[in-house]
Amino acid sequence: MPLYEQQTVKVTNSLTGRKETFNPLKKGYIGMYVCGPTVYSNVHLGNCRTFISFDMIFRYFKHLGFKVRYVRNITDAGHLENDADDGEDKIAKKAKLEQLEPMEVVQRYTVDFHDTLKKFNLLPPSIEPTATGHIIEQIEIIKEILGKGFAYEKNGSVYFDVVKFNASHEYGKLSGRKLEDMIANTRELAAQDEKKNPQDFALWKKAEPQHIMRWPSPWGDGFPGWHLECTAMSTKYLGENFDIHGGGMDLKFPHHECEIAQAEASNGKSPVNYWLHANMLTLNGKKMSKSTGNNIYPSEMFSGKNAILSKAFPPSVVRFFMMQAHYTSILDLSDSALLASEKGYHKLMEAYSAISQLPTGPTSDFDVKAWTQQCYNAMNDDFNTPILIAHLFDAVKRINLIKEGKETITEADKNELSNTFNSFVFDVLGLEDQSTSDGNSQTMEGVVNLLIDLRNQARANKDFETSDKIRDELTALGIQLKDGKDGTTFSIN
RNA sequence: GGCAUCGUGGCCGAGUGGCUAGGCACAGCUCUGCAAAAGCUUGUACAGCGGUUCGAAUCCGCUCGAUGCCUCCA
């Protein structure tokens, strides 16, 4: 029996604002779409949090035995710089600034995106489609919407008619907005002459002669509007109605609202059953922003070359730090918070590596079965990773007590403890034990063990000057010696 | 100005109508040649003001503050 038949997952659905029991459209299968990055600059840490959150969700569903098709797009065209201007898009603008071909920009930042996510140990999605690879599909959807009368053409551009759509549908249901309020609160904007209403959004934008990224269409040369690609690609790979759509909170409005409108206008169906939104990452309590300098790139964090943090932090520590907060909460990144997480992370990893050496006995003081189910309960409750981690630390405490001979565990319980711990820490949370992952660890282990022997000899001879020198210099190199009842072990930080 | 989310102990962060997560830091103890590591113990917090209730940090109202969106943004 697959695990998903034993565990019931609840998710916070942004569409209803409630926590709901998750039931996929087809038993055992899940279709999940997550809005990917716009590849016009290096991916920053805030972006990473969203993708890490959904990676954890993807991993948990897979762990439960679901067959998941996870689609995460690459936006390589179509985001308008400013829809009041002449229709230049972000990719094209950057290309001109750097004297590059648009696709050269796309390539560079796509590679950066993949490299970075790989460092954070993200699983690749099932399909990673690009906007430029789905121009035809987008044009077809525009035709559908025009045919249903929910869009209009003006000077080679096509706009979605929000007011008309709202008369028969509910525009704003995801973000809790009402069109009347939005019209009443419209800001003074520059000329919006082509649009009937400021709330209308572009489905297709006419390309000016100097515009490099352009495709032919029934309305002339141009490029697709900024919400359309996700509707085209999610429909193509997951169907007109699918299980989960995710993305950052900041995409809820207008992006996801417009996706719902486009899908409902073109095929009459509400596209998504469960909308999941990952919350923002702030830095020292403030929004990350390049213009104010309150911003950090993953590479700066891994190298320690930045003005914000006191030291370098490896990807797994950063991932662990993120997993200590719920994905729907705003998380604030700071040096002290990362330092605290790093210690906790090492404690967790060391407890895991201690499991295999644990002595076993005829009885267990630790109810491993109940503990295992508690771990599932935490994840079933809207992927509550902070609670899961709290349970993992309960196990850490027990492992250390057993190691010290203060409690006992049976062979069978030890195996289950090891399996559950392994599943949740590595498969579900996606953490990596970075001290064991480097290739020189065997050599290193031999060298350090030799030094430990020398130190112990010195200690036996009461030559504490030598023994302390070995200990202190190893500490300075990031190698910590641990004197226990059964000899000395070490860990590398 | 509008919409939304949120305000928890020294810090980070869960949770929730009564049984007071977890991590880090701090203090004491055990262990140690001294430390570190590990373990044990202590610390009763939920922005403010009203209200509902036998009982609220948890529900309602107001005030203040934060963050996000309303223009591209994970």
Side-chain angles (χ1 to χ4, degrees), chain A residues 14 17 34-38 40-41 43-54 75 79-85 89-90 93 172 175-178 181-182 184-187 189-190 198-199 226 246-255 257 277-282 285-290 320-321 324-326 328-348 350-351 354 378 381 384-394 396-397 399-401 403-404 406-407 459 462 464 467-468 471-472 475 480-485 488-491:
Chain A
S14 305
V34 171
C35 291
T38 303
Y40 72 102
S41 68
V43 63
H44 75 247
L45 208 60
N47 299 306
C48 293
R49 184 189 181 200
T50 296
F51 301 125
I52 290 170
S53 294
F54 285 104
T75 296
H79 275 223
L80 298 178
E81 182 71 25
N82 177 341
D83 62 6
D85 71 8
D89 84 24
K90 272 188 172 175
K93 180 166 188 179
S175 54
R177 286 160 212 245
K178 288 189 167 50
D181 295 345
M182 288 163 59
N185 288 302
T186 300
R187 289 198 221 161
L189 282 175
Q199 283 69 37
W226 39 295
M249 274 296 287
D250 50 352
L251 295 183
K252 201 171 180 182
F253 187 88
H255 184 61
E257 202 70 74
H277 286 98
N279 219 139
M280 301 291 102
L281 181 73
T282 57
K286 292 268 150 47
K287 179 192 179 182
M288 281 201 194
S289 155
K290 284 177 215 168
F320 178 71
F321 163 74
Q324 279 186 299
H326 191 88
T328 57
S329 297
I330 293 172
L331 174 64
D332 186 49
L333 186 94
S334 64
D335 196 51
S336 57
L338 280 166
L339 251 14
S341 285
E342 180 162 52
K343 293 201 176 176
Y345 164 81
H346 286 302
K347 191 170 163 183
L348 191 67
E350 281 172 35
D381 186 13
N384 199 323
T385 53
I387 294 288
L388 169 65
I389 289 170
H391 292 317
L392 292 174
F393 276 107
D394 286 343
V396 169
K397 195 170 196 170
I399 290 165
N400 287 323
L401 283 168
K403 194 167 82 179
E404 297 210 340
K406 289 177 180 162
E407 290 196 353
R459 290 173 76 198
K462 304 228 184 280
F464 297 123
S467 68
D468 287 355
R471 179 182 70 195
D472 296 342
T475 303
Q480 184 179 45
L481 300 188
K482 297 170 183 181
D483 297 325
K485 285 225 168 2
T488 304
T489 56
F490 71 94
S491 67

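Proteins come first, then strands; the chains are lettered A, B, ... in the order of their sequence lines, and each starts at number 1. Computed over heavy atoms, backbone and side chain alike; hydrogens, waters and symmetry mates excluded.
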Integer angstrom distance from the P of rG10(B) to that of rU53(B) = 33 Å

Check the distance between rC70(B)'s P and L251(A)'s CG and give it to me in whole angstrom.
-> 10 Å

side-chain contact (heavy atoms from CB on, under 4.5 Å) evaluation trace for D483(A) with R459(A) = CA-CA 12 Å; D483(A) 297 325; R459(A) 290 173 76 198; 3.7 Å; yes

With sugar-phosphate meaning primed atoms plus P, OP1 and OP2, does K397(A) contact a base, only sugar-phosphate, or nothing at under 4.0 Å between heavy atoms?
-> sugar-phosphate

Side chain of F321(A) only, please: which of rU67(B), rC3(B), rC12(B) is the nearest?
-> rC12(B)

Which part of the nucleic acid, if any, lies within reach of L281(A) when heavy atoms closer than 4.0 Å are counted: base, sugar-phosphate only, or nothing?
-> base

Any N400(A) side-chain N or O less than 4.0 Å from OP1/OP2 of rA38(B) = no

Go along nucleotides 17-24 of chain B 5' to 3' and tag each nucleotide: B for a protein heavy atom under 4.0 Å from its base, S when only backbone or sugar atoms are that close, - otherwise.
-> ----BSBS

If you measure from the P atom in rA47(B) to the same atom in rC6(B), how many Å do you get, rounded?
-> 13 Å

Output the single nucleotide from rC34(B), rG13(B), rA37(B) whose closest atom is nearest the side chain of Q480(A).
-> rA37(B)

Kindly confirm whether the side-chain ring of F51(A) is stacked on the base of rA74(B), judged by centres under 5.5 Å and planes under 30°.
-> no

At under 4.0 Å between heavy atoms, what does S329(A) touch on the DNA or RNA strands: base, sugar-phosphate, or nothing?
-> sugar-phosphate

Nearest heavy atoms of A378(A) and H391(A), plus distance in Å = CB-CD2, 4.2 Å

Name the pairing partner of rA38(B), where a pair is Watson-Crick or G-U wobble with both distances under 3.5 Å, or state none.
-> rU30(B)

Can you sort out the partners of D335(A) under side chain to side chain donor-acceptor pair (under 3.5 Å), two or more places apart, ordered by chain and number?
-> S310(A)

Where the side chain of F464(A) is concerned, which of rC34(B), rA14(B), rG33(B) is the nearest nucleotide?
-> rG33(B)

Remember a base hit wins even if backbone is also touched, and classify L348(A) as base, sugar-phosphate or nothing at under 4.0 Å, heavy atoms.
-> nothing

What integer number of Å spans the P atoms of rU44(B) and rG2(B)?
-> 42 Å

Say you pick atom C1' in rC26(B) and the same atom in rC12(B); how far apart are they, in whole Å?
-> 16 Å

Atom pair distance, as rounded to whole Å: CG in D483(A) and P in rC31(B) | 15 Å

How far does the C1' atom of rA66(B) sit from the matching atom of rU8(B), given to the nearest Å?
-> 15 Å

Sugar-phosphate only, base, or nothing, as touched by D468(A) at under 4.0 Å among non-hydrogen atoms = base

With P as the reference atom in both, quote the distance from rC54(B) to rA45(B) in angstrom, rounded to an integer.
-> 25 Å

Return the nucleotide paired to rC11(B): Watson-Crick means purine N1 to pyrimidine N3 with N6-O4 or O6-N4, wobble means G-U with N1-O2 and O6-N3, both under 3.5 Å.
-> rG23(B)

Scan nucleotides 4-10 of chain B against the protein and return all N/O pairs shorter than 3.5 Å with their distances rounded to 0.1 Å.
none

Taking the side chain of W226(A) as heavy atoms from C-beta outward, which of rA74(B), rU71(B), rG13(B) is closest to it?
-> rU71(B)

Return the set of residues passing side chain to side chain donor-acceptor pair (under 3.5 Å) with T282(A) (not counting sequence neighbours), or none when no residue passes.
-> D332(A)

R49(A) CZ to rU67(B) P, straight-line distance once rounded to whole Å = 16 Å

L331(A): partners by side-chain contact (heavy atoms from CB on, under 4.5 Å), with sequence neighbours left out | R49(A), L281(A), F321(A), M322(A), A325(A)

Pairing nucleotide - rU5(B), Watson-Crick or G-U, each distance under 3.5 Å | rA66(B)

Once you round to the nearest 0.5 Å, how far does NE2 of H277(A) lie from SG of C35(A)?
-> 8.0 Å

Do P37(A) and N47(A) touch side chain to side chain, with heavy atoms closer than 4.5 Å?
-> no

Starting at CG of L392(A), measure out to CD1 of I387(A) and round the result to the nearest 0.5 Å.
-> 11.5 Å

S341(A) side chain to L338(A) backbone, donor-acceptor under 3.5 Å | no

Is there a donor-acceptor pair under 3.5 Å between the side chain of D381(A) and the backbone N or O of N384(A)?
-> no

Residues at least two apart in sequence or cross-chain that pass side-chain contact (heavy atoms from CB on, under 4.5 Å) with S175(A), listed by chain then number, are R177(A), F253(A), E257(A)

Any N/O donor-acceptor pair, R177(A) side-chain to rC70(B) base, under 3.5 Å | no

Distance, C1' atom - from rU32(B) to rA56(B), rounded to whole angstrom = 49 Å

Under 3.5 Å on both distances, the Watson-Crick or G-U partner of rU71(B) = none

Taken to the nearest whole Å, CG/D250(A) to C1'/rU71(B) is 13 Å

